[in-house]
Amino acid sequence: MQRSSILVVGTLALTLLASCASQDDPGDAAADAPAVDAWDGAGADEPAMTDDAVDAGPIDDGAFPDGGTDTGPDLGPDEDPPDPLVCDPGVPPSQDARDPVRMLIVTGDALLDAFRDLADWKAQKGVSTEIVATSWIAANVEGPDLAAKIRRFIGERQATGLAYVLLGGDAEIVPPRLVHTRALFQYDDTFASDFYYSDLDGTWDDNNNGTFGELADGCEMHPDVAVGRVPASTAADVETFTDRLLFYEQQDAGDAQKALFISEDTGFLNFDSALQLNPLADNVFPATFEKQKLYWKPQGYPGASENTLAAQVAALGAGKGLVTHYGHASEYDLNMEMDWREVDALTNSPHFPVYVTCGCQAGNFAFDPQDSAGERLLTNPRGGAVAYLGNANLGLGPGGGTALIEAFYRALFGGNPRLGDALNIARDTFYSQESSLHSEVLGIRWTQFVVTLLGDPEMEVRVQTPDRLEVLHETRMPQGEQCLQVEVRRGGAPLAGARVTLYRRGGFLFSQSAGPDGKTVFRFTPGGPGSFQVTATYPQTLPALSSVRVF
Ligand SMILES: [Ca+2]
Ligand SMILES: [Ca+2]
Ligand SMILES: [Ca+2]
Ligand SMILES: [Ca+2]
């Protein structure tokens, strides 16, 4: 029998759309019964792995995200299967990492299928991800209303290791929790707060009057899981977002160290918000960043130029990794130069930044008349942003919002590049006051409620120009228990500490860390004919995407 396994260096260049468009039949990324049941409507007691193409060669076979990943030759009529890959004694069996779930996607029945590509990618890189439908939660979880049931379900998962929650849909698909709060002796309002799904302590309505978030409601106000929302109303919205997220996480648009700063008239004594923004740009952003400043009054700021719509559009089109806006906004206006129609007209793909603002209301995903300007950044298929960190109601600016933004960037540049992690560290840092009248008066409580992340909380923000990882491994194996060694390299040298994941839809998820020699060995049973994915990741690098064929 010929020895036909082939060693490859698994790097490839995906195109933006091809990276997702061909993932048309992913299996369940989820390991737990509710997601699977929600998924296919099967009975609640059905084991998670029995409903999918576990060993379905013809279905799994060749269904990889890109034709280039399928590096093994097809088994023709004259081709022998490869020999088993020998195990050294003492290599322990690899542990399936689908349980416990690290990331949860909550969505409506109509969008379940649309989120499978995103969930599949997360699993492929080692983040076990469960998708659950609101209908399943409504029928199976106790609670006074759907939002409370969703929150309770998140809490149950959080107790076993859940870290990231993606609310997969606009307000009509995943309900917002309305909170009532006050700030600065003048604001008193009720608005949507996704922080309800992040701070999981108590009920947020201790006095049981149906109004959430009051001082009397005992809100603990510190985050317990990282939460973001994809404000999608249609499967096309989900596909738009997934395309840009996968592109952002798998490719390099060259924007990692390019930042844009936008200032405006504060409306207060003719002050330019650059008074606050410029120190952020100069002192908090690393010196290695290329910083473009569009200021209301650029005079006196070296390198700054006038903030106009044309200048913003050109800057986004040229590519920016991070955009920071200190100024005014509304549901209809992303900022005072760019309204919602102009957001819809952006064509800056594939340069998708993270857009961060203290502006008011443009993140109000629950706004009834139409989608807000911030939402449109994520749903415009030709341009916009990969994430929006802003406000679902009034943003308090110097009254609290900019303090949270500064804390967010300090966390981001301080070694916490995942969006939701940086936000939660900022929330903890910022909310150092106890939950009290004091915090309400100062606007801290309001800011904690009102700040909203539109985007994927598990997404790693790129703050360094990335190298592409490479993997070396056998690309063919027969069935039965064997050992597969994977070596990870960066710039030709072995890379210790890289995460290597073997993922087969509906089959297995093994995720191990490369040792000092850049190598790790998996002992496992690959299942029936078909193929599985080999993915290596490391902070601030581009993943290696490869595969193995099973005969
Ligand atoms: Ca909490
Ligand atoms: Ca209450
Ligand atoms: Ca919508
Ligand atoms: Ca909306």
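In each ligand, atom 1 is the first atom listed, and ligand 1 is the first ligand listed. In what follows, every heavy atom counts, from backbone to side chain, and hydrogens, waters and symmetry copies are set aside.
- Taking the six-membered ring where tryptophan is involved, the planes of Phe289 and Phe413 are perpendicular, since the angle between them exceeds 60° and thus also 30°.
- More than 12 heavy atoms of other shown residues, nucleotides or ligands fall within 6.0 angstrom of atom CG in Asp188.
- Among the backbone and side-chain atoms of Asp170, an N, O or S atom lies under 3.0 Å from the Ca ion (ligand 3).
- Within Glu214, the N, O or S atom lying nearest to the Ca ion (ligand 2) carries the name OE1.
- Rounding to 10 degrees gives 120° for the angle at the Ca ion (ligand 2) between OD2 of Asp217 and OD1 of Asn207.
- Although no hydrogens or angles enter the test, the distance criterion places a donor-acceptor pair under 3.5 Å between the side chain of Asn348 and the main chain of Gly384.
- Nearest N/O/S atom of Asp205 with respect to the Ca ion (ligand 2) is recorded as OD1.
- At a threshold of 3.0 Å, the Ca ion (ligand 2) has no backbone or side-chain N, O or S atom of Asp206 nearer than that distance.
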> Between Tyr355 and Tyr388, does a ring pair (Phe, Tyr, Trp, His ring centres under 6.0 Å) hold up when you go through it step by step?
Replying inline: CA-CA 5 Å; Tyr355 186 100; Tyr388 175 90; 5.7 Å; yes
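- Classified by interplanar angle (parallel below 30°, tilted 30° to 60°, perpendicular above 60°), the ring pair Phe191/Phe449 is perpendicular.
- Our summary of the site lists the angle at the Ca ion (ligand 3) between OD2 of Asp371 and OG of Ser233 as 140°, to the nearest 10 degrees.
- Look at Asn208 and the Ca ion (ligand 2): no N/O/S atom of the residue is under 3.0 Å from the metal.
- The Ca ion (ligand 4) lies closest to atom OE1 when only the N/O/S atoms of Glu375 are considered.
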> Step by step, would you call Phe408 with Phe430 a ring pair (Phe, Tyr, Trp, His ring centres under 6.0 Å)?
Replying inline: CA-CA 9 Å; Phe408 167 76; Phe430 167 79; over 10 Å; no
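- At a cut-off of 3.0 Å, Ala366 does not coordinate the Ca ion (ligand 4) through any N, O or S atom.
- When side chains are defined from C-beta on, Leu280 counts as touching Tyr326, because their heavy atoms get closer than 4.5 Å.
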